[in-house]
Amino acid sequence: MSRAKKLRELFTRPGLVRMVGAHNGLGAKLVERAGFEGVWSSSLEVSASHGIPDASLLSMSQYLEAARSMVEVTSIPVVVDGDTGYGNANNVFYTVERFEEAGVAGITFEDKKFPKDNSLLPGGRQALAGVEEFAGKIEAAKAARRSPDFVIIARVEALIAGWGQEEAQGRANRYVEAGADAILIHSKSPDPKEIIEFVTRWQGRAPLVLVPTTYPSLTEKRIAELGKVKMVIYANHGLRTAIRAMEEVLAKIRQDGGIHDLDHLLVPMKHVFDLQDVPKMKEREQRFLRD
Ligand code: SPV
Ligand code: MG
């Protein structure tokens, strides 16, 4: 079964679909092994993994390469953060063709101007694209997909840009009309009130997607009680955990003058080999290596 179909099935079942951010195959595998329903190929994570800002600096093909590395070593749906579609509706069309071909389950496009800034960046450039310009992108995405299972999620940035609830509702409705399968409504408010108001007022046909990075008090239980929300994305928690752990170990090696007191902070090598699927390779060697 295609990942897109799997994602569609998850949408029809009761309960939230929980996705966690990753930037490569290893991160995606950790998400799958932890029992989440899907992987979020995060533009923040992928750009941070290159040590550069999340500001449309990497090319589409670099994001595609990252998503491919996640698809290749997992079997759960991978949803790609497609930013603004890397340009205009032509770029969106080409992007959908390439990512669907790579086996991802779906993609989000956000209604900001290209090049974008990360939505949570203090003082970031959050200028919005025109509503009709973006509706054209969603129509292009729909026209480009080969399978009707491929999930197209429109991401509304009106609350991020400070344009208010009316604008956010209007845009979300227009994007559903243009063919979006779901609406990702993003907020950078530390208070979940802004998102709760949007969800409560939402009367559209499409389910909602939330990214509760700045409002973590809105737990899965509370989100489920709101209804209308089908997917929740924990966008960058693997990356931020890894940065902390690596900084801690690096500082300790410097301070201790060696690696003699680190074992309690590290996974054993066996764990790494396991995550690389070395045991499967060894089985293949048994069968096929003859020298
Ligand atoms: C990402 O993970 O890249 C996202 C979510 O787009 S946010 O960083 O909140 O914009
Ligand atoms: Mg992003």
Side-chain angles (χ1 to χ4, degrees), residues 19 21 40-48 52-58 63 79-88 92 106-138 141 152-176 178 180 182-202 204 206-218 223 226 228-237 239-240:
M19 320 283 290
W40 167 245
S41 178
S42 155
S43 71
L44 175 87
E45 285 218 11
V46 176
S47 49
I52 64 166
D54 177 18
S56 303
L57 299 179
L58 291 176
Y63 285 112
V79 170
V80 168
D81 173 359
D83 282 347
T84 58
Y86 317 107
N88 66 18
V92 166
I107 192 161
T108 66
F109 293 114
E110 66 196 59
D111 63 350
K112 287 216 295 261
K113 284 197 171 130
F114 173 87
K116 62 104 208 216
D117 241 353
N118 181 268
S119 300
L120 306 183
L121 185 68
R125 295 171 290 99
Q126 307 298 347
L128 299 186
V131 182
E132 284 313 309
E133 176 195 351
F134 190 73
K137 284 187 175 182
I138 294 300
I152 293 157
I153 302 171
R155 167 165 159 178
V156 175
E157 293 277 293
L159 301 178
I160 293 285
W163 287 31
Q165 295 282 346
E166 285 299 320
E167 181 75 23
Q169 292 283 336
R171 282 177 174 254
N173 277 309
R174 179 68 189 94
Y175 304 157
V176 172
I183 294 292
L184 191 165
I185 177 67
H186 204 10
S187 165
K188 60 184 177 189
S189 170
D191 190 328
K193 254 183 14 209
E194 184 175 68
I195 276 294
I196 291 171
E197 183 179 343
F198 183 93
V199 175
T200 309
R201 285 175 60 176
W202 178 243
L208 300 175
V209 179
L210 301 186
V211 184
T213 308
T214 64
Y215 52 91
S217 60
L218 201 67
I223 293 172
L226 290 175
K228 303 177 201 171
V229 179
K230 197 60 211 168
M231 183 187 283
V232 60
I233 299 174
Y234 303 125
N236 52 43
H237 297 78
L239 172 82
R240 288 160 67 199

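Computed from heavy atoms alone, side chains included, the values below leave out hydrogens, waters and symmetry copies. Source: prediction; values computed, not measured.
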Of all heavy-atom pairs between [X] and [Y], which one has the smallest distance, and what is that distance?
X    : Y    : result
S47  : L58  : CA-CD1, 3.8 Å
P212 : I233 : CD-O, 3.3 Å
Y175 : A154 : CB-CB, 3.7 Å
A180 : I138 : N-CG2, 3.6 Å
I195 : S187 : CG1-CB, 3.5 Å
D81  : Y86  : O-OH, 3.7 Å

**OP:** Go through the steps for E197 and K193 under the test salt bridge (Lys or Arg N to Asp or Glu O under 4.0 Å), then give the verdict.
**Re:** CA-CA 6 Å; E197 183 179 343; K193 254 183 14 209; over 6 Å; no
Counting distance only, does the side-chain N/O of [X] pair as donor-acceptor with the main-chain N or O of [Y] below 3.5 Å?
X    : Y    : value
D117 : R125 : yes
K228 : V199 : yes
Q165 : E194 : yes

Subject >> V209 vs R155 side-chain heavy atoms within contact, under 4.5 Å >> reply: no
Original post:
Can you tell if the side chain of W202 reaches within under 4.5 Å of the side chain of I183, non-hydrogen atoms only?
Top reply: yes
Can you tell me how far apart [atom1] ([X]) and [atom2] ([Y]) are? Round to the nearest 0.5 Å.
X    : Y    : atom1 : atom2 : answer
L44  : R240 : CG    : CZ    : 9.0 Å
S56  : Y63  : OG    : OH    : 6.5 Å
L210 : I185 : CG    : CD1   : 8.5 Å
L128 : W163 : CG    : CH2   : 4.5 Å
D191 : I196 : CG    : CD1   : 7.5 Å
R174 : F134 : CZ    : CZ    : 11.5 Å

Original post:
Is there a side-chain contact (heavy atoms from CB on, under 4.5 Å) between L120 and H186 once you walk through the steps?
Top reply: CA-CA 10 Å; L120 306 183; H186 204 10; 4.1 Å; yes
**OP:** Let me know which of D54, N118, T108, T84 forms a side chain to side chain donor-acceptor pair (under 3.5 Å) with S43.
**Re:** D54
**OP:** Please say which of Q126, E157, K188 ends up in a side chain to side chain donor-acceptor pair (under 3.5 Å) with S119.
**Re:** E157
Original post:
Salt bridge or not for E167 and R171, using N-O below 4.0 Å?
Top reply: yes
**OP:** Answer yes or no: is there an ion pair linking E110 with K137, defined by an N-O contact shorter than 4.0 Å?
**Re:** no
